Amino acid sequence: MSYLLQALADRAGEFVRLRRDIHRHPELAFEEHRTAALVADKLEGWGYAVERGIGGTGVVGTLVRGQGTRRLGLRADMDALPISEASGAEWTSRRPGVMHACGHDGHTAMLLAAARHLAEHGRFDGTLHLIFQPAEEGGGGALRMMEDGLFDRFPCDAVFAMHNMPGVPQGRLVLREGPAMASSDYATVTLTGIGGHGAMPHRAADPVVAAASVVMALQSVVSRNVDPLQAAVVTVGALHAGRANNVIPASATLELSVRALDREVRGLLERRIRALVVAQAESFGVTATIDWRAGYSVLVNTPAETAFAREVALELLGPERVTLQGPPLTGSEDFAFMLERVPGSYLLIGNGDGGDGRAASACMVHNPGYDFNDDNVAIGSAYWVLLAERFLCEDAGASTRDGRSPEQEGAGQLSDAGSCHLP
Ligand SMILES: [Zn+2]
Ligand SMILES: [Zn+2]
C-alpha cells in the first residue's frame, strides 16, 4: 500500500495548511460555524452532496458511486476546548482561551484529505457518508446529530472514527474489539437534615455525619459489588456542607463521577449508589435526593467491524505498526452513541512519543502545550481511503464508474479492486 500512502503524502501539504488554519481559528462546542462552513464548501467543491446544520453545526457529505447497496459512515469531530494555548506553534490559536487541544482540527483535516482523494480517484461501489460532528467535548454532538435524524437520513451499515493519541509512536494504529472507552455519569446527592446549635446535636439531624458516612460507604461499591476483573470508578469530587464550627447545617451536597467499561457494570453502579445513599441517609435520620445525569455511554467496538478495520490497518502499514488489541481507556467519547445504533469501530492513531523531538505531539491531549502531529494527515487519510475502498468494494473485474476498466484507470495509483474483505 505504499503507493496509496505516497499519493496521500503528495497531497498532504494542502491539508496540513488547512489543519493549521482550523487550528488558528478554534471554535467551542456547537459554535463551529466557520469550521463547518469550510468543511461543507470543500466537500461541495469536490462533488459531494452536502447537508449542513445537522444537530446544530454538523455536516454530512455524501458520495454515491455505482450500483452498490452498501453504505459506510466515517466520522470526524470539529470542536475545540476552553484552554489557553501554550504550544508555541507558529499556527497558535488566535482566539484567547480557546484551542484545539484534542486534535479535532487534525481529525477534520484527515477526513477532508480522504474525501478529496476518494472523489477524484476513489474506486468504490456504494454510498459514502462523511460525518463531521460538533461538540464531542462533553456536548454530546453525536447524540444531537442522531436526534436530528442522522442515521435515518443517512443510513449506514457501519461507522468508523479515529482519534489521535499522544505517547503512542507517530502513525501507529491501535485497535480494540469490545469496550474501549468508559461511560461517564454524574450524580449530585443532596442530604437534608435539621440544622441546629453545634452544642446541642441531639436537637438536630446532622447531614455532615451522614455525608461522611456516605463517602465511606461508596468506597465499597467498587471493592465489594463490582466483579474484581471489571474496571469501575466512583469518585466523590466535591463535598459541601456548613460554614461555621458551632452550627449544624441543614443540608450537605456531594458531587460524584461514575465510570465503567461495561454496560452492565454501569447499571450496577447506579443501582448500588442509589441504594447505599438512601439507606445511609435514613440511618442518620436525614433524607437523600439524587440527581443522576447520564453522560456518555460505554464505547463498544463490534467484533466483525473491528476485525475488518484491523485488516485494513495491516494492509496499509504492516504488523509492525499496528496494535491489534490495545488497552481500554477510562476517558469517554460520544462516538459511543453512534456505536449503540450502528456497528463499527473506533481506533487510535499515535500522535508521537517525543522520540522525534516533537514535544507538543507527545504532550497529552487537553494540555495547553499539545499539538496535532501533521505527519498523520497522510497516514490517517490513506487509512480512510483504503477502508472506504475495501468496505464499498467493487466486484473484481467489473468496469468502473465511467466505463473504463481498472487497468485504464492507472493501476499504480489505485488499490486492487479485487481484494474485498467485508466485515
Ligand atoms: Zn478531548
Ligand atoms: Zn478528542
Side-chain angles (χ1 to χ4, degrees), residues 19 22-23 25-32 35-36 39 55-59 74-87 93 95 97-112 130-145 159-168 170 172-176 180-184 186 257 259 295-299 301 326-339 344-352 360-374 376-377 380 383-384:
R19 198 287 287 185
I22 296 171
H23 192 92
H25 304 96
E27 296 172 300
L28 294 172
F30 296 119
E31 297 173 2
E32 309 92 336
T35 312
V39 165
T57 43
V59 175
L74 302 178
R75 187 220 71 170
D77 37 19
M78 302 187 291
D79 56 319
L81 284 156
I83 295 174
S84 293
E85 179 156 5
S87 72
S93 169
R95 291 191 63 200
V98 184
M99 81 170 280
H100 271 291
C102 206
H104 299 184
D105 49 345
H107 304 163
T108 298
M110 290 192 297
L111 193 54
L112 283 177
L130 304 184
I131 302 162
F132 293 85
Q133 78 154 76
E136 192 287 318
E137 298 287 0
L143 203 53
R144 283 279 294 276
M145 287 188 85
V159 287
F160 297 86
M162 178 163 27
H163 204 293
N164 76 97
M165 182 51 65
V168 175
Q170 183 263 319
R172 184 175 190 86
L173 297 176
V174 181
L175 297 102
R176 178 177 170 82
M181 304 278 283
S183 59
S184 179
Y186 317 92
S257 172
R259 289 165 190 262
Y296 291 176
S297 302
V298 182
L299 185 148
N301 291 323
L329 302 174
T330 48
S332 302
E333 159 66 66
D334 74 347
F335 187 62
F337 294 124
M338 294 195 186
L339 290 178
S345 202
Y346 176 85
L347 67 145
L348 304 175
I349 181 166
N351 202 53
S361 300
C363 186
M364 187 41 74
V365 289
H366 294 209
N367 183 296
Y370 164 88
D371 194 24
F372 181 81
N373 192 327
D374 284 320
N376 277 340
V377 170
Y383 181 77
W384 284 144

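All ligand and atom numbering here is 1-based and tracks the order in the structure. The basis for the numbers below is simple: all heavy atoms, side chains too, and nothing from hydrogens, waters or symmetry mates. Keep in mind it's a predicted model, so treat the numbers as computed, not measured.
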The atom of E137 among N, O or S that is nearest the Zn ion (ligand 1) is OE2

Would you give the angle at the Zn ion (ligand 1) between C102 atom SG and H366 atom NE2, to the nearest 10°?
110°

Whether H104 has an N, O or S atom under 2.8 Å from the Zn ion (ligand 2):
yes

Which of E85, H104, H100 passes side-chain hydrogen bond (donor to acceptor under 3.5 Å, both in side chains) with H23? Answer is E85

Between the side chain of R176 and the main-chain N/O of G326, is any donor-acceptor distance below 3.5 Å?
yes

Residues R75 and D334 bridged, charged N to O under 4.0 Å:
yes

Short question: side chain of E32, backbone of A135 - any donor-acceptor pair under 3.5 Å?
yes

